[in-house]
Protein chains: 2
Amino acid sequence: MFSYGYVMARTAGSHSDITGPRVAQAALQLFARHGYAAVSMRQIAAEVGVQAGALYNYTPDKQSLLFDLMRGHMDELLAARAALLQPDGPLARLEDFTRFHIRFHLERPDAVFVSYMELRNLTPANFAVIEGLRRRYEDDLEAILRAGVGAGLFDVTDTKIATLAVIAMLTGVTTWYRAEGRLSVAQVETIYWDMVRKAVAA
Amino acid sequence: MFSYGYVMARTAGSHSDITGPRVAQAALQLFARHGYAAVSMRQIAAEVGVQAGALYNYTPDKQSLLFDLMRGHMDELLAARAALLQPDGPLARLEDFTRFHIRFHLERPDAVFVSYMELRNLTPANFAVIEGLRRRYEDDLEAILRAGVGAGLFDVTDTKIATLAVIAMLTGVTTWYRAEGRLSVAQVETIYWDMVRKAVAA
DNA sequence: CCCATAACTGAACATCCGTTCAGATCAAAG
DNA sequence: CTTTGATCTGAACGGATGTTCAGTTATGGG
């Protein structure tokens with residue numbers, strides 16, 4: 001957590017780069033399972049195999065633990081999206097967005113769950129940050145829809161509402177999908193893309 | 001809460017039929033705003049204007065307070081749906097379902113929020129009950145979709161997935177709709193119906 | 001006006017909470 | 001092998017938690 005730019009000049013007795021990620025992962029899993037408010041620092045510590053006081057080598061407080069998880073998730077989402085080169089044309093772009101959204105979210109169910117359910121447990125300042133990142137992601141989709149409407153390919157009454165409707169529909173996949181189930185991620189992508197395509201079609 | 005069938009033979013000093021609903025309403029509002037685990041019995045009591053101990057005249061414990069709110073919400077949902085006479089034909093039925101779902105959910109945002117977010121804070125037995133009620137509601141929509149597919153009016157790959165996708169999309173309306181906003185509920189219904197109709201169209 | 005009783009108070013119970021910190025422990029650098 | 005400092009323990013802090021209950025207050029029926 002406290003890296004010093006260059007290669008960190010590690011000194012004696014240090015393995016915080018092992019424990020640090022374990023703290024974050026334990027917190028994520030427990031927050032997703034039981035909710036932020038219902039999980040105690042002692043439970044997180046027990047999961048890591050450490051006493052509660054030791055957690056404070058890795059986070060200033062419990063709120064930062066939640067916020068860092070959510071900001072990390074949103075950063076990953078935006079970075080992964082930005083890393084892809086977008087296909088040409090609104091229709092191909094929309095399919096790309098649909099498949100990306102489903103794939104990304106199905107790969108990290110815990111982070112998705114926490115990021116959608118624990119917004120109200122953020123301080124107002126932290127909430128504003130997460131809300132801004134989420135807004136940037138939504139704007140990405142809305143731009144696609146607007147371009148499609150402009151080109152006469154799509155027909156939606158209100159691009160902002162359509163954006164939120166599509167994202168709600170796609171994110172809903174995380175509530176029922178199980179990796180052991182009968183459908184592969186690719187099949188699920190195709191099923192949802194079929195519905196999205198028709199829903200906004202002209 | 002403890003009614004005796006007939007007209008309750010109320011005796012001296014009783015006004016629990018005033019305080020009782022106030023407890024439920026305060027709990028609902030606070031649970032929706034801050035989450036079940038983050039709200040204390042003392043906060044609920046303060047909202048009602050009473051000491052914490054008095055709440056136990058109206059609920060055996062905090063868990064029952066949550067469960068009764070959620071069961072009440074689901075019962076209302078199923079009862080309201082059952083009270084409507086269904087139009088003829090899958091298309092009209094689907095429109096009816098869409099408009100009903102949006103209207104019903106926009107009328108009780110707190111109950112919707114609690115019922116979707118606090119499932120993990122139910123005991124396993126209570127969870128099973130709520131899950132069963134939700135399943136009955138979903139089956140209602142799935143029957144409509146299946147009938148439409150059978151009649152060649154709809155084209156969906158998997159009626160179960162389409163059911164969950166449509167419900168997720170529709171319920172998402174509660175996250176952004178504000179009564180003071182520019183759109184009436186009827187307008188929102190029409191916008192979503194447009195998308196639902198096309199999404200499942202043959 | 002009295003009185004049975006519903007409704008509520010206020011204090012107490014054991015237990016948990018997030019956070020702090022002095023001191024023990026540990027691993028690597030010299 | 002010693003030193004150095006990162007890491008962790010274990011106890012403590014004030015305060016909050018859900019729940020219980022003996023005792024007080026308020027209300028309407030007789």
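Every heavy atom of this structure was used, including side-chain atoms; hydrogens, water molecules and symmetry mates were not. Numbered from 1 within each chain, the chains take letters A, B, ... in sequence-line order.
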Problem - Side-chain (Gln63(B)) to main-chain (Thr123(B)) donor-acceptor, under 3.5 angstrom - result: yes
Exercise for the section: Examine distances only and state if a side-chain atom of Thr174(A) and a backbone atom of Thr171(A) form a donor-acceptor pair shorter than 3.5 Å. Expected result: yes
Fill in the blank from the handout: So, with a heavy-atom separation below 4.0 Å from DNA chain D, the residues of residues 25-36 of chain B are none
Practice task
Please name the pair of heavy atoms, one in Leu145(A) and one in Thr159(A), separated by the smallest distance, quoted to 0.1 Å.
Solution key: CD1-O, 3.9 Å
Using whole Å, report how far [atom1] of [X] lies from [atom2] of [N].
X	N	atom1	atom2	value
Asn57(A)	dT25(C)	CG	P	17 Å
Tyr56(B)	dT19(D)	OH	P	3 Å
Ile18(A)	dC26(C)	CD1	P	16 Å
Gln63(A)	dT19(C)	CD	C1'	15 Å
Leu55(A)	dT7(D)	CG	P	14 Å

When you compare the protein's N or O atoms with those of nucleotides 21-24 of chain C, which come within less than 3.5 Å of each other, and at what distance?
none

Electrostatic pair [X]:[Y] at N-O distance under 4.0 angstrom:
X	Y	result
Arg135(B)	Glu131(B)	no
Glu118(B)	Lys62(B)	no
Glu138(B)	Arg134(B)	no

Practice task
May I ask you to list the residues of residues 39-51 of chain B, by number, that have any heavy atom positioned under 4.0 Å from an atom of DNA chain C?
Solution key: Arg42(B), Val50(B), Gln51(B)
Problem - Side-chain N,O (Tyr58(A)) to OP1/OP2 (dC8(D)) below 4.0 Å - result: yes
Practice task
Compare side-chain N and O positions of Thr19(A) against OP1 and OP2 of dC8(D) and report whether any pair is under 4.0 Å apart.
Solution key: yes
Exercise for the section: Run the ring-centre check on Tyr137(B) versus Phe97(B) and record whether the distance is less than 6.0 Å. Expected result: yes
Problem - Sequence-distant partners of Ala26(A), side-chain contact (heavy atoms from CB on, under 4.5 Å), two or more places apart - result: Ile44(A), Glu47(A), Val48(A)
Fill in the blank from the handout: side-chain contact (heavy atoms from CB on, under 4.5 Å) filter on Arg33(A), not counting sequence neighbours, yields Gln29(A)
Residues 69-84 of chain A, side-chain donor-acceptor partners within the protein, below 3.5 Å, at least two apart:
{"residue": "Arg71(A)", "atom": "NH2", "partner": "Asp68(A)", "partner atom": "OD1", "Å": "2.9"}
{"residue": "Glu76(A)", "atom": "OE1", "partner": "Arg108(A)", "partner atom": "NE", "Å": "3.4"}
{"residue": "Glu76(A)", "atom": "OE1", "partner": "Arg108(A)", "partner atom": "NH2", "Å": "3.0"}
{"residue": "Arg81(A)", "atom": "NE", "partner": "Asp140(A)", "partner atom": "OD2", "Å": "2.8"}
{"residue": "Arg81(A)", "atom": "NH1", "partner": "Asp96(A)", "partner atom": "OD2", "Å": "3.3"}
{"residue": "Arg81(A)", "atom": "NH2", "partner": "Gln86(A)", "partner atom": "OE1", "Å": "3.3"}

Problem - Residues Tyr177(A) and His105(A): side-chain donor-acceptor under 3.5 angstrom - result: no
